[in-house]
4 protein chains.
Amino acid sequence: MATEKTTASRAPKGRAPQRRNEDARLAVLHAADDLLVERGFGGVTVEGIAARAGVAKQTIYRWWPSKVDILLDTLVEDADKRLKIPDEGPVVDAVRSYLRALARFLTKEDAGKVLLALLGEAQHEAETATLFHERYLDPRRARERALLKRGVAAGELPAGVNLDATLDSLIGPIVYRALTGAPVTRGFVDALVDRVLES
Amino acid sequence: MATEKTTASRAPKGRAPQRRNEDARLAVLHAADDLLVERGFGGVTVEGIAARAGVAKQTIYRWWPSKVDILLDTLVEDADKRLKIPDEGPVVDAVRSYLRALARFLTKEDAGKVLLALLGEAQHEAETATLFHERYLDPRRARERALLKRGVAAGELPAGVNLDATLDSLIGPIVYRALTGAPVTRGFVDALVDRVLES
Amino acid sequence: MATEKTTASRAPKGRAPQRRNEDARLAVLHAADDLLVERGFGGVTVEGIAARAGVAKQTIYRWWPSKVDILLDTLVEDADKRLKIPDEGPVVDAVRSYLRALARFLTKEDAGKVLLALLGEAQHEAETATLFHERYLDPRRARERALLKRGVAAGELPAGVNLDATLDSLIGPIVYRALTGAPVTRGFVDALVDRVLES
Amino acid sequence: MATEKTTASRAPKGRAPQRRNEDARLAVLHAADDLLVERGFGGVTVEGIAARAGVAKQTIYRWWPSKVDILLDTLVEDADKRLKIPDEGPVVDAVRSYLRALARFLTKEDAGKVLLALLGEAQHEAETATLFHERYLDPRRARERALLKRGVAAGELPAGVNLDATLDSLIGPIVYRALTGAPVTRGFVDALVDRVLES
DNA sequence: TTTTAATCGAGACGGTACGTCTCGTCTTAAA
DNA sequence: TTTAAGACGAGACGTACCGTCTCGATTAAAA
């Protein structure tokens with residue numbers, strides 16, 4: 001699970017002393033999420049999370065280096081659950097469906113706001129950019145590439161296609177619209193897929 | 001005697017106040033720009049700008065409501081100068097040239113970093129998003145639309161083309177690459193133009 | 001007049017249309033006085049005086065080096081008018097009458113508040129202490145000494161009396177009571193005179 | 001999910017907060033004292049105290065409402081230690097000794113400068129006057145009265161003596177001389193005691 | 001009557017300190 | 001040993017005044 005990375009090993013083998021409190025962990029993640037949605041990224045403070053989660057600040061700093069790591073935990077967990085990359089069916093259809101889900105995710109769901117906030121914060125701090133790549137962008141991109149590769153292997157996509165250029169041409173417009181507050185309609189997404197994948 | 005409300009004669013003498021100091025204005029804009037590039041958005045503080053510009057904090061607060069407004073001033077001034085929208089020649093060539101300039105602006109120039117930082121900050125604060133639209137995105141988009149409209153009028157682009165969808169499909173991938181720290185090569189831009197405008 | 005001291009010599013030499021505006025001068029003195037009574041010494045700011053007097057800050061700085069000088073102007077003017085040192089009659093009676101007037105001045109009149117405020121400020125700043133001595137305490141003390149000397153000359157007071165010790169023993173308790181907010185009754189003053197001058 | 005109000009279990013764990021840091025407290029008191037003596041009351045700033053004491057401003061504001069409260073703390077501590085009210089021996093001798101100590105305290109010791117500064121500030125701000133009474137003047141006056149009462153009980157002082165009038169007649173001249181920068185000699189004090197207590 | 005120079009109100013400027021806020025670290029006592 | 005509570009050093013926030021400095025407009029004596 002995504003958050004395991006920030007957590008000491010959880011296998012309940014034998015010794016008890018080093019037990020992380022799961023209630024506290026969830027309370028922190030939810031509090032951070034809520035604060036982001038209610039008040040924006042600036043309204044997410046460690047102090048505020050601690051107060052809302054009923055947890056001591058030190059407990060947060062013990063397990064997460066910064067508030068960005070908390071938000072990354074919630075993003076990774078939520079995106080893994082709610083923004084799955086399809087692994088069957090015709091690839092163009094799979095891509096279209098994935099991009100529609102991405103549009104919905106970015107514009108309608110709380111976790112989408114977290115994604116946009118983290119992408120925003122990555123512009124402000126190099127450390128955030130690095131973490132965002134490592135924990136979210138890169139693993140996801142790997143799976144997105146695999147999806148396209150399957151299309152190439154199946155002959156649905158041309159052999160010489162530049163995977164990253166294609167993916168950025170598909171994802172970029174959707175993210176850009178979300179970032180600028182523009183609506184991302186199904187029509188916009190479908191036209192995009194048509195232009196990029198079927199030309 | 002002390003309680004008398006005596007006041008100096010109120011004849012409207014002295015009408016013209018001191019005018020704004022242009023040196024101070026420029027020093028502030030440059031200091032903000034420098035700090036953003038050197039230390040990132042978080043390193044841009046009103047206190048730091050004042051210190052580096054050799055200006056009093058109050059002078060900053062007198063003319064700018066927030067540091068975002070300062071950065072917007074530098075962005076708008078710089079983008080107007082260095083990221084002009086071509087107004088002659090074949091439209092596809094003009095668009096290609098404009099997007100190449102945009103790619104260079106975003107990845108190589110200080111003002112491009114300001115743009116990305118403001119787009120990032122717009123994710124954190126609604127007020128910034130509004131200002132960013134009013135001062136930068138919307139006016140620029142109007143001119144970008146005009147460029148495409150010229151292409152439609154000249155028969156270079158199909159009559160029914162969705163201007164905003166086209167623009168977001170062109171600009172989105174470039175901005176997204178810049179946001180994620182990916183290189184934005186001339187090849188990527190040219191392929192994009194080919195796909196979107198010549199399909 | 002007291003304020004002349006802060007003003008350059010007024011001989012109309014050569015070509016000088018440099019006439020000081022008397023309205024502004026009075027407005028400033030009254031505004032300072034009012035602010036002191038209404039808000040205390042801390043509430044007396046040059047900015048506040050200027051605003052209330054309807055005068056420019058520069059006009060104040062042109063004629064007075066600091067707000068203390070403004071208050072000294074009002075104090076000296078008022079004390080000269082309302083706290084006269086008697087120069088006839090039996091000396092003990094004259095002293096008693098003077099001290100009764102002093103008690104009233106300190107506890108009931110606005111100018112008394114100015115005196116206490118300046119004595120207070122003299123504890124905070126050496127420059128104020130010096131000015132306060134030069135403009136108020138020393139000249140007044142000279143006249144108080146003259147009063148007692150008249151008593152010695154007339155044989156009403158013993159020849160070897162220490163003038164300053166006697167004056168401080170009379171004035172000290174009254175001022176101290178005023179400083180600590182204690183009432184200064186006629187009985188207190190009269191008993192003081194009896195103890196100090198008739199023992 | 002994000003909006004759920006999940007909170008860590010609220011069993012009252014962790015009960016004891018950190019206690020106040022005595023080192024910081026003393027460093028603040030000493031820094032304030034030093035600054036007052038070196039630069040006068042105006043030179044005592046919260047910022048300056050914090051810097052000299054090596055303490056954060058917030059730590060000062062956490063424990064003291066204002067710089068006046070800091071100075072009152074040092075005054076009360078020092079006066080309790082160095083300006084004791086004698087409680088044995090003939091009362092006239094005790095009073096003479098106390099007043100000599102007061103003269104020395106006011107003119108020679110740092111804490112005496114604090115006392116004069118606070119008495120000065122009390123003229124500027126009603127709140128300071130109140131605090132100064134509650135924390136310093138009133139408790140001390142109670143003990144001073146007790147001293148005189150002992151003299152009355154012992155028959156050393158007349159039965160009908162007005163305690164406060166007597167005390168103000170003794171203390172007033174000494175404080176007044178200190179306030180006006182005049183020397184307070186042993187001869188002045190002794191003559192005062194003679195006049196006021198033995199007439 | 002024109003010139004000329006000091007006055008005036010207005011307010012921008014570089015500064016200092018204010019009192020508040022949040023950060024991330026450190027300390028304590030209870031569980 | 002981990003937790004909740006919260007004190008701590010650090011430093012930015014936005015505000016209030018400081019004292020200096022233009023800036024036109026006004027004004028009145030000297031030329």
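Naming: A, B, ... by sequence-line order, numbering from 1 per chain.
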Chemist: In terms of side-chain heavy atoms of V46(B), which of dC18(F), dG14(F), dT22(E) is nearest?
Modeler: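 The listed nucleotide nearest to V46(B)'s side chain is dG14(F).
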Chemist: Any donor-acceptor pair under 3.5 Å joining the side chain of K57(D) to the base of dG9(F)?
Modeler: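 Result: no qualifying N/O pair found.
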Chemist: Quick one: is the NZ or CZ of R25(B) closer than 6.0 Å to the six-membered ring centre of W63(B), and within 45° of its axis?
Modeler: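 Not satisfied by the 6.0 Å and 45° rule.
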Chemist: Hey, is the main chain of F41(B) close enough, under 3.5 Å, to the side chain of K67(B) for a donor-acceptor pair?
Modeler: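 Here the side-chain-to-backbone pair exists.
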Chemist: To the nearest Å, how far apart are I49(B) CD1 and dG14(E) C1'?
Modeler: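 Whole-Å distance recorded here is 16 Å.
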Chemist: Measure from CZ on R19(D) to P on dC8(F) and round the result to the nearest Å.
Modeler: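 Taking atom P of dC8(F) as the reference, CZ of R19(D) is at 11 Å.
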Chemist: Please confirm whether the shortest side-chain N or O distance from T45(C) to OP1 or OP2 of dA16(F) is below 4.0 Å.
Modeler: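 Indeed not, no polar side-chain atom of T45(C) lies that close.
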Chemist: For the atom pair CD1 (I70(D)) and CG (D73(D)), what is the distance rounded to the nearest 0.5 Å?
Modeler: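 The CD1 atom of I70(D) sits 8.0 Å away from the CG atom of D73(D).
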Chemist: Taking 4.0 Å as the cut-off, does a side-chain nitrogen or oxygen of T59(D) come that near to OP1 or OP2 on dG9(F)?
Modeler: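 Yes, T59(D) has a side-chain N/O under 4.0 Å of OP1/OP2 on dG9(F).
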Chemist: Would you mind reading off the distance between I60(A) atom CD1 and dG6(F) atom P, rounded to a whole angstrom?
Modeler: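 These atoms are roughly 15 Å apart.
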Chemist: I want to confirm an ordering. Mapping S66(B) and R62(D) to their closest nucleotides on DNA chain F, which one lands closer to the 5' end?
Modeler: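 Per heavy-atom nearest nucleotide, the more 5' residue is R62(D).
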Chemist: Under 3.5 Å, is there any donor-acceptor pair linking the side chain of Q58(A) to the base of dC26(E)?
Modeler: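 Between dC26(E) and Q58(A), which were checked side chain against base, a qualifying N/O pair under 3.5 Å is present.
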Chemist: Would you mind reading off the distance between W64(B) atom CH2 and dG14(F) atom P, rounded to a whole angstrom?
Modeler: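 Rounding to the nearest Å, CH2 of W64(B) and P of dG14(F) are 15 Å apart.
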Chemist: With nearest nucleotides of DNA chain E determined for V44(D) and V44(A) from heavy-atom distances, which residue corresponds to the more 5′ nucleotide?
Modeler: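 On the 5' side of the pair lies V44(D).
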Chemist: Rounded off to whole Å, could you give me the CZ-to-C1' distance for the R20(C) and dT27(F) pair?
Modeler: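 It is 17 Å, rounded to the nearest whole Å.
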Chemist: Please round to the nearest 0.5 Å and tell me the distance separating atom CZ of R135(C) and atom CG of D69(C).
Modeler: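 Reported value, rounded in 0.5 Å steps: 7.0 Å.
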Chemist: Within the 4.0 Å heavy-atom criterion, would you say G54(B) contacts the bases, only the backbone, or no part of the nucleic acid?
Modeler: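 G54(B): backbone/sugar contact only, no base atoms under 4.0 Å.
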Chemist: Provide, to the nearest angstrom, the distance between the CG atom belonging to N21(D) and the P atom belonging to dG6(F).
Modeler: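 So the CG-P distance, N21(D) to dG6(F), works out to 17 Å.
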Chemist: Output yes when at least one side-chain N/O atom of W63(B) is less than 4.0 Å from OP1 or OP2 of dC13(E), else no.
Modeler: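 Answer is yes, contact under 4.0 Å.
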Chemist: For DNA chain E, whose closest nucleotide is more 5', that of P65(D) or that of V55(B)?
Modeler: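 Counting from the 5' end, the first nearest nucleotide belongs to V55(B).
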Chemist: Take Y61(B) and E47(C), find for each the nucleotide of DNA chain F with the closest heavy atom, and name the residue whose nucleotide sits nearer the 5' end.
Modeler: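 Result: Y61(B).
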Chemist: From CG of D23(A) over to P of dT3(F), roughly how many Å is that when rounded to an integer?
Modeler: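 One finds 12 Å between P of dT3(F) and CG of D23(A), rounded.
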Chemist: Any donor and acceptor pair, going by atom type alone, linking the side chain of H124(C) with main-chain N or O of G40(D) inside 3.5 Å?
Modeler: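 No, H124(C) side chain to G40(D) backbone: no donor-acceptor pair under 3.5 Å.
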Chemist: Between atom CG in L35(B) and atom P in dG11(F), what is the gap in whole Å?
Modeler: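 Atom-to-atom, L35(B) to dG11(F), this comes out as 16 Å.
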